[in-house]
Number of protein chains: 2
Amino acid sequence: MPVSRQELFDVLSQVGRALGSGHRLALLEHLAQKHAPVEELAGASGLSIANASQHLQHLRRAGLVTARRDGRQMVYRLTDERILRLLTLMQEVAETHIAEMERLMGRLFDDDDAGETLEPMTRAQLQRALEQGEVTLLDVRPREEYRAGHLPGALNAPVVELETMLSALPRDREIVAYCRGVYCTFSHDAARLLRERGFQVRRYQAGIMEWRAAGLPLAE
Amino acid sequence: MPVSRQELFDVLSQVGRALGSGHRLALLEHLAQKHAPVEELAGASGLSIANASQHLQHLRRAGLVTARRDGRQMVYRLTDERILRLLTLMQEVAETHIAEMERLMGRLFDDDDAGETLEPMTRAQLQRALEQGEVTLLDVRPREEYRAGHLPGALNAPVVELETMLSALPRDREIVAYCRGVYCTFSHDAARLLRERGFQVRRYQAGIMEWRAAGLPLAE
DNA sequence: GTTTTATTCAATTGATTTATTGATCATTTG
DNA sequence: CAAATGATCAATAAATCAATTGAATAAAAC
């Protein structure tokens, strides 16, 4: 009995369906920062434990995440770098071709100071600036996410603690702030605060997500 | 009123949902070969016209395809190269991480001569062979798909007509056959026939789909 | 070996998605 | 302008998916 083309597409569509829920995408974004047990993922995504568990198993069946028992926790992680590539590609497609997305992205940031925020840096620009040692790189995500892996050479200054760390930051060099990815506002919040205090600052908005998706190394 | 992260993920999930149906993936595979009106797409995917139309609009809302009226037909096409990248990435993920997929892929080809078929060529291998002018490249898809765009330098020999074209093919050079993509069996069927007739033949199984996804040019 | 903790399973309910049917709309042809 | 063609829309029924609840497991702590 030969296998029909359609059977293959049906199995393949599992991957698509797994990516077809906002909650599951939120889980994946969190896993793009660090591997994590169910409880943490549920908390970060605003889901009940049981519900998160089921979504995670959905992702697992689709091959997007793996799970490993560690003591009494079940630690989930992305299966490989390709999943990041899938996510960033989806983001690009949505940003470019879905009008609703553009509208929301606009509103995500211009709460009060629309015009003031500079264009974010691209990864290529950031890499060039880093090579030439021109900038101070600032990871404004929470401490645990920084510890689980961050851009080489980045300092950690969680956005909530940023105010208390200003004296440690240079005023004569440009600062580049980054966070989780395009849908994360930490770097935006940080940049606004820093600019108000007289720092020169830009953002690498694509963040950890795009960096990892490009296959670039993280430091620990 | 600020936009929540979750709203963004919900919009983004439209892209995933659009990829979450075997029928829609079949439509996309066809569109990866050539742009086409609804009727053709419905026929190729075994869907009713109305149903195909609705699936296509689903894809359109997700930004995966665009439609342009041409006379009384509505011609659909992929929005851009990124969609190909999405599809090939999904395939890779499924092949690597979903056991069911591996099983089906195995059964797709080994109907009778399991062991005989050589490992397919990778794109890199093909490119090297082409540069050195070592091989004759054979596009075994239907004529119209070939005409809509094919690998530079490829001859067209639709698998159904292949038997009548054997005399035009070289016996002293290796032939490389390719078709639509990993789920297309044309190149496999062609390779078997050619091998039976004493030709030296290999397959570039990833086909047009992967070639385009890599951003490489087609000839017309 | 019982209790505690973290997770999964199973059953239920409500919400989406899908395929089908027949009607409608836009464009071209006679 | 009427008829024909290609595609979309609207309404329905069937199938699938999502969130909730409470029970069941598995490992660790007592």
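The chains referred to below are lettered A, B, ... by the order of the sequence lines, with proteins before strands, and numbering in each begins at 1.
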OP1 or OP2 of dT8(D) sitting under 4.0 Å from any side-chain N/O of Ser53(B)? yes
Rounded to the Å, how far apart are Gln73(B) CD and dT27(C) C1'? 11 Å
Nearest-Å distance for atom pair CZ/C1', residues Arg69(B) and dA7(D): 7 Å
Report the residue (His58(A) or Leu56(B)) whose heavy-atom-nearest nucleotide on DNA chain D is the more 5′ of the two. Leu56(B)
Under 4.0 angstrom between His55(A) side-chain N/O and dC17(D) OP1 or OP2: no
Nearest-Å distance for atom pair CD/C1', residues Gln6(B) and dA19(D): 14 Å
Taking dT8(C), dC9(D), dA19(D) as options, the one with an atom nearest any side-chain atom of Ala50(B) is dC9(D)
His23(A) NE2 - dT16(C) C1' separation (whole Å): 14 Å
What is the separation between atom CD on Gln14(B) and atom P on dT16(C), rounded to the nearest whole Å? 14 Å
Between Glu29(A) and Arg5(B), is there a salt bridge with N-O shorter than 4.0 Å? yes
Choosing from dA19(D), dT27(C), dT7(C), which nucleotide comes nearest the side chain of Met74(A)? dT7(C)
For atom CD1 of Ile49(B) and atom P of dC9(D), their distance in whole Å: 15 Å
Can you classify the ring geometry of Phe9(A) versus Tyr183(B) as parallel (below 30°), tilted (30 to 60°) or perpendicular (above 60°)? perpendicular
Would you kindly compare Gln54(A) and Arg17(A) by the position of their nearest DNA chain D nucleotide and give the one closer to the 5′ end? Arg17(A)
Is there a side chain to side chain contact (heavy atoms under 4.5 Å, CB included) between Leu64(B) and His58(B) once you walk through the steps? CA-CA 9 Å; Leu64(B) 302 181; His58(B) 198 146; over 6 Å; no
Near DNA chain D, under 4.0 Å by heavy atom, which residues of residues 25-48 of chain A? none
So that I can tick it off, tell me whether Arg202(A) and Glu119(A) are bridged by a salt bridge, with the cut-off set at under 4.0 angstrom between side-chain N and carboxylate O. no
Is there a side-chain contact between Arg68(B) and Arg77(B) (heavy atoms, below 4.5 Å)? yes
Identify whether the distance between the nearest side-chain nitrogen and carboxylate oxygen of Arg143(B) and Glu161(B) falls below 4.0 Å. yes
Tyr76(B) side chain near dG6(D) phosphate (N/O to OP1/OP2, under 4.0 Å): no
Out of dA19(C), dC9(D), dA6(C), which nucleotide sits closest to the side chain of Arg72(A)? dA6(C)
Does atom CD (Glu102(A)) have a neighbourhood of more than 12 heavy atoms from anything else shown, all under 6.0 Å? no
Quickly work out the Gln57(A) CD to dC17(D) P distance and round it to whole Å. 15 Å
Which whole-number value in Å describes the distance from Asn51(A) CG to dT8(C) C1'? 13 Å
